[in-house]
Amino acid sequence: MVTVTQKLCLMCLILLLLCRELGVAAQAAQNFSLQQPQTKVSVAAGGTITLNCTISGFAEPGPLRWLKGWGSGNKTIYDQKSKEPSPRVTRAVPGSGTDITIQIEKAQPEDMGTYYCVKFVKSDGLTSVDEVFQRGNGTEVSVEAQPSPPLLSGPEQRAEPEQTVSFNCTTGGFFPKTIGVRWFRNKDPMVAQQPQVTEGGVKTYNMSSTVMVTLQKADVRSQLICEVQHSTLQEPLRERYQLSRVLRVPPSLEVRAEPSLVEVNKTVTFTCLVKEFYPANVSVSWLENGIGIKVENVSQPLELSQGLYELKSQVEVQATEEKNGSMITCMVVHDAQAPASKSAFLWISNPGQEGLSKGFQMDKGVKLLPSLGLGILLEKALFGGLLFFLFRRMKTK
Ligand SMILES: *[C@@H]1O[C@H](CO)[C@@H](O)[C@H](O)[C@H]1NC(C)=O
Ligand SMILES: *[C@@H]1O[C@H](CO)[C@@H](O)[C@H](O)[C@H]1NC(C)=O
Ligand SMILES: *[C@@H]1O[C@H](CO)[C@@H](O)[C@H](O)[C@H]1NC(C)=O
């Protein structure tokens, strides 16, 4: 059984509770809350950054803003009250009283930073300064930027086989900092120095990688490849460099006289073989005892299978008697370098020693000729000595 007093007490309690509830409701009207849920946002350069912020409850009058950075150096990105919004910034839900989400279009590396959704209230009216009432936890924005197409540079001047030259591969404007570089000579991976990654423009990085290459004759057809790998790339970026651009293979020379021993007034064909050179620009001239000979037909360089060139130049010389022992020189200027030369001699067979000379000819005459010449000189000296001896004897008688 419940007594009247007990009933009254219960009424009082209910009333009391009701009163308290009303008070809480009145306070709730002031219980403003701001939610900025994202801690990190990553977007590709050129994309759209979406920054979420919602509010609930009520607060004293004052603007809602988005700030980039906190403390000194902060920047107002969006201001609810501003008549001129920033060009790339729009509200996701225009005019909403509770959703303050913004979008920043055409994201740039410069947009990187921490963004805060902030509720300001008017200060006591004396100053027109707005005071921070509540702020979100901040959203860290990173803009991922792709590295620029790599640039591959080599030495300024051509280098010859066995020489070591350096090549440099550079790229820039990327974010994040981590980047991979690989080098290949044709299909073979190469050992390169540790790439240098430096700060580029605003929040971006540049990379430079160097590789040393010892050139070879066979590199005319080789290519160097710099491969750049970055988190923003689906496929690595590659830049190629034809080693022929920096390679110079000097020719080796060979001069032949055909026939090596000729009868007087016949013609001798001198052949200059300019072997295995690169690049193709070469000029050949002929000299007879140091004086230029005119050559009618200038032959063109022939490309060999390995990409090197070869050239054959010929000159015909009339073997008049006074030309015996003449030095015929093939002079080659390759790729504007110092001239190189090789010589052969014109030898006229002694009419009296026809058979002998023929024999020498069959026996690779050129190499034996100097000894033959020496032999003849010796012969002449002996003959001279004999004459002198006879002459002396005649005088003494
Ligand atoms: C933003 O920067 C201004 C100027 O430096 C400064 O007066 C203000 O207090 C800063 N605001 C915040 C929220 O850090
Ligand atoms: C070679 O030619 C010259 C001039 O043409 C001539 O005088 C000489 O007799 C010739 N010698 C021989 C061996 O034919
Ligand atoms: C040419 O010179 C060589 C060597 O001096 C000599 O053996 C030869 O007899 C010469 N030929 C003539 C035709 O004089």
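Quick note: numbers below take in every heavy atom, side chains included, and nothing from hydrogens, waters or symmetry partners. For ligands, and for the atoms within them, numbers begin at 1 and follow the listed sequence.
Residue Leu67 has at least one heavy-atom neighbour below 4.0 Å for each of these atoms of ligand 1: 13 (C). Close approach of ligand 3 to Ser349 (heavy-atom distance below 4.0 Å) involves ligand atoms 13 (C). Short contacts between ligand 3 and Asn350, defined as distances under 4.0 Å to a heavy atom of the residue, involve ligand atoms 9 (O).
Checked against the 6.0 Å centroid criterion, the rings of Tyr116 and Trp66 do not qualify as a close aromatic pair.
Among protein residues, Val264, Asn265 come within 4.0 Å of ligand 2, judged on heavy atoms.
Qualifying side chain to side chain donor-acceptor pair (under 3.5 Å) partners for Ser299, counting only residues two or more places apart in sequence or in other chains: none.
With no hydrogens or angles considered, no side-chain donor-acceptor pair links Asn206 and Thr198 at under 3.5 Å. Gln36 and Thr139 share a side-chain donor-acceptor pair at under 3.5 Å.
Checking only distances, Gly71 does come within under 3.5 Å of ligand 1, N or O to N or O. The shortest N/O to N/O separation between Asn74 and ligand 1 falls below 3.5 Å.
Identified under the salt bridge (Lys or Arg N to Asp or Glu O under 4.0 Å) test for residues 90-114, with sequence neighbours left out: Arg88-Asp111.
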Give every donor-acceptor pair under 3.5 Å between a side-chain atom in residues 212-223 and any protein atom, sequence neighbours left out.
from: Thr214; atom 1: OG1; to: Thr164; atom 2: OG1; distance (Å): 2.8
from: Lys217; atom 1: NZ; to: Glu276; atom 2: OE1; distance (Å): 2.7
from: Asp219; atom 1: OD1; to: Arg185; atom 2: NE; distance (Å): 3.4
from: Asp219; atom 1: OD1; to: Ser222; atom 2: OG; distance (Å): 2.8
from: Asp219; atom 1: OD2; to: Arg185; atom 2: NH2; distance (Å): 2.6
from: Asp219; atom 1: OD2; to: Gln216; atom 2: N; distance (Å): 2.8
from: Arg221; atom 1: NH1; to: Ser305; atom 2: O; distance (Å): 2.9
from: Arg221; atom 1: NH2; to: Glu303; atom 2: OE2; distance (Å): 3.0
from: Ser222; atom 1: OG; to: Asn186; atom 2: ND2; distance (Å): 3.3
from: Gln223; atom 1: OE1; to: Gln242; atom 2: NE2; distance (Å): 3.0

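The proximity of Val118 to ligand 1, defined as any non-hydrogen pair under 4.0 Å, does not occur for either the backbone or the side chain.
Looking at Glu254 and Lys275, a side-chain N of the basic residue comes within less than 4.0 Å of a carboxylate O on the acidic one, giving a salt bridge.
The two residues Asn168 and Ser209 have their closest heavy-atom pair at OD1-O, 2.9 Å.
Figure legend: cation-pi geometry between Arg65 and Phe120, with NZ or CZ positioned under 6.0 Å from the six-membered ring centre and within 45° of its axis.
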